[in-house]
2 protein chains.
Amino acid sequence: MTQLGRGGGSAAPRSVDVARLAGVSQKTVSRVFNNEPYVSDEVRQRVLGAAEELGYRLNNAARALASGRTRTIGVVTLGTALYGPASLLVGIERAARDTGYTVRVVNTADGAPAGIAGAVESLLDQGVDGIVISEPIDQGEVTLRVDVPVLVLGAPADIAGPRAVAAGVRSDLLARAATEHLLDLGHATVHHLAGPQRWYSARDRLEGWRAALTDRGAYLPAVVEGDWSAASGYEVGRELAADQDVTAVFAANDDMAIGLIRALLEAGRRVPEDVSVVGFDDIPVAAYVTPRLTTVRQPFDAVAKQGLELLVHAIENPDADPLPAGDPPVDLVVRASTAPPPSRTTPE
Amino acid sequence: MTQLGRGGGSAAPRSVDVARLAGVSQKTVSRVFNNEPYVSDEVRQRVLGAAEELGYRLNNAARALASGRTRTIGVVTLGTALYGPASLLVGIERAARDTGYTVRVVNTADGAPAGIAGAVESLLDQGVDGIVISEPIDQGEVTLRVDVPVLVLGAPADIAGPRAVAAGVRSDLLARAATEHLLDLGHATVHHLAGPQRWYSARDRLEGWRAALTDRGAYLPAVVEGDWSAASGYEVGRELAADQDVTAVFAANDDMAIGLIRALLEAGRRVPEDVSVVGFDDIPVAAYVTPRLTTVRQPFDAVAKQGLELLVHAIENPDADPLPAGDPPVDLVVRASTAPPPSRTTPE
DNA sequence: TTGAAAGCGCTAACAG
DNA sequence: CTGTTAGCGCTTTCAA
């Protein structure tokens, strides 16, 4: 008498089964599972009980098909274990979950526009209600044909066409604070070990550094550029190490700062006695390397949380204007890699 | 002439629209988009052209509903930016994409069984064809009610019930290599700064260390335990630093090793002249901290790739036996944090 | 407060 | 090689 579905084995209970067992209509089951009003408590309990008994689980594919919504957010991020992107991803997932969304992830090899476009396409193919692009390279901008809201983290929103919102990391503010810390210590100027300038966030940091220097009327040294890795910080840092005029360096991230410090030490220049170094991010080991690294902490969680609020708002209120993004707090962590410049360490 | 769907605004073309334009049946469109055989090249081109012209995009919710498959893999991972889990996640996503799957991610606060169970439930709710559990805490095992294959990375498969496969990180082999390196250098024994023992992968490393010591008949010192963080390595490392008998330490990850080294230096013990330290992971900054860290590299990409092969095999061949997992290569990276013990540095 | 009917856009099975 | 016919399990009208 067992009437199996034509599929054969699968016996996953559906909402009609629950309805039958609870003695209500299928629509009522749907109401209960969507927390819709106008269901008496008694009926609600009956339905929940029946669902429990059958081990019922709502079929999301069917729901998405019928409703046109997936309650899924797609995230495009860098395919690396770099602390920044990884932290943002964690923050995004948490924030999404808190607002009732789940997260689909696609990595790009290098954050370049073509790869991002491909990743976005694949997300759109899968079906997502919104997209987060985390820390993209924004040069050679591709305008994406997207019909869902897009949140760009770490770049201006205009990279991604209409319905785009941006959450401010405001790296420039943090970079400025880092630079000013060095200036306040008495350094005549501050050199900058920059991130790859194809990245908006790298340019943003550079801008903050430049602004701090300009405001104080300090000399603006040539910029050297790494690729975020400690290895590049080391390579590029050798130039800096060879230049005896360098007494203070602001590195665009902690990894490069660590590589730079190694280059300095190997060149016989002490940190911070001869050269001060400030990093960027406050990676977990920053407090324990030698010397303990002064750095600015990026508020990844706050940024992710706020960004997701904007995105979800845009998803759920298609016509409303995007919410304005607030400025995140500046958190300079002073440790042992910064000190006054050598000339001032021995006052007469 | 514009015939809008009754939805109002949404005008997303469906496969029937493509079919109409191409002058074929809707099923043929379906065939083309599924790369099924038995479609003439001419028709295929016509369909593709029509799809392109309309900007057609296959609706995955409908596909999933009709086929019962999502081509999505759910990943449960730790909600941290720790290098290990983050690297695995990247590797998993890449491997999944290479095999035509996409990835849904849920983070757990701490990898504890209850959180994992919840994450798995939510993945199952969303609909996934398979699940990857990355680096779980496996104590107080929960057996999950799962009807899809589960891949457990960094723990034995039996944590997750039936249809579970495991990919071997074989931390024990790597831990053994790290320990033997120290022994080979002439250290009488090697201390171990372990990871939290609720983690299988931490216990696995401990086993490898213990086995190496036992095989050589070396004295087995008491184990100290951190929580993977550099901060804990520092805290716990102070005990080790105070003990003059300690000449060699194997730390269960690089972050703890870095914290430990700081504790040693602050206690006036030089690394590696007085104490040798080996880490685990080969995080990107390991080569640049002071002293440059000797460590064993974890083959995250290889593990993820192999694990996903097993998982996809299990998904697509429900009845076949799980493939056996091979042993990953051991890659010891000797740098500057290890040296012979003090007594031997000045041979008479 | 509840129910009935009608699809959402696709794939599966079976014909041709 | 191509088409026809049924659903997949929900949500959405609309009616009661």
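Bear in mind that the values here come from a model prediction, so they are computed numbers and not experimental data. Convention: sequence-line order gives letters A, B, ...; per-chain numbering from 1.
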Practice task
For B:Ser134, check side chain to side chain donor-acceptor pair (under 3.5 Å) against everything at least two apart and list the hits.
Solution key: none
Practice task
Quick one: which residue pairs count as a ring pair (Phe, Tyr, Trp, His ring centres under 6.0 Å) with a foot in residues 46-68 of chain B, not counting sequence neighbours?
Solution key: B:Phe33-B:Tyr56
Fill in the blank from the handout: When rounded to whole Å, the CG to C1' distance for the pair A:Asp125 and C:dG9 reads 15 Å
Collect all protein-nucleotide pairs involving nucleotides 14-16 of chain C in which both atoms are nitrogen or oxygen and the distance is under 3.5 Å.
none

Exercise for the section: Classify the side chain of A:Lys27 versus the base of C:dA4 as yes if they form a donor-acceptor pair under 3.5 Å and no if they do not. Expected result: no
Exercise for the section: Could you identify which residues of residues 36-47 of chain B place a heavy atom less than 4.0 Å from some atom of DNA chain C, listed by residue number, or say none? Expected result: none
Exercise for the section: Sequence neighbours left out, what passes salt bridge (charged side-chain N to carboxylate O under 4.0 Å, His left out) with B:Glu53? Give chain and number order. Expected result: none
Practice task
Quick one: list whatever passes salt bridge (charged side-chain N to carboxylate O under 4.0 Å, His left out) with A:Asp17, sequence neighbours left out.
Solution key: A:Arg14, A:Arg20
Problem - Separation of A:Leu88 CG from A:Leu82 CG (nearest 0.5 Å) - result: 11.0 Å
Exercise for the section: Tell me, please, which residues at least two apart from A:Asp98 pass salt bridge (charged side-chain N to carboxylate O under 4.0 Å, His left out). Expected result: none
Problem - Sidechain-backbone polar pair: B:Asp129 side chain, B:Thr70 backbone, donor-acceptor under 3.5 Å - result: yes
Practice task
Name every residue in residues 59-68 of chain B that has at least one heavy atom under 4.0 Å from any atom of DNA chain D, in order of residue number, or write none if there are no such residues.
Solution key: B:Leu65, B:Ala66
Exercise for the section: Would you please name every residue forming a salt bridge (charged side-chain N to carboxylate O under 4.0 Å, His left out) with A:Arg63, sequence neighbours left out? Expected result: none
Practice task
Could you check how far CZ of B:Arg69 sits from C1' of C:dC10, rounded to whole Å?
Solution key: 15 Å
Exercise for the section: For DNA chain D, determine which residues of residues 18-26 of chain A have any heavy atom closer than 4.0 angstrom to one of its atoms, and list them numerically. Expected result: A:Gln26
Fill in the blank from the handout: Contacts of A:Glu309 meeting side chain to side chain donor-acceptor pair (under 3.5 Å) (sequence neighbours excluded), chain-then-number -> none
Handout entry: N/O (side chain, A:Ser30) to phosphate O (OP1/OP2, D:dT11) under 4.0 Å
Key = yes
Problem - Within residues 96-132 of chain A or reaching into it, pairs that qualify as ring pair (Phe, Tyr, Trp, His ring centres under 6.0 Å) - sequence neighbours excluded - result: none
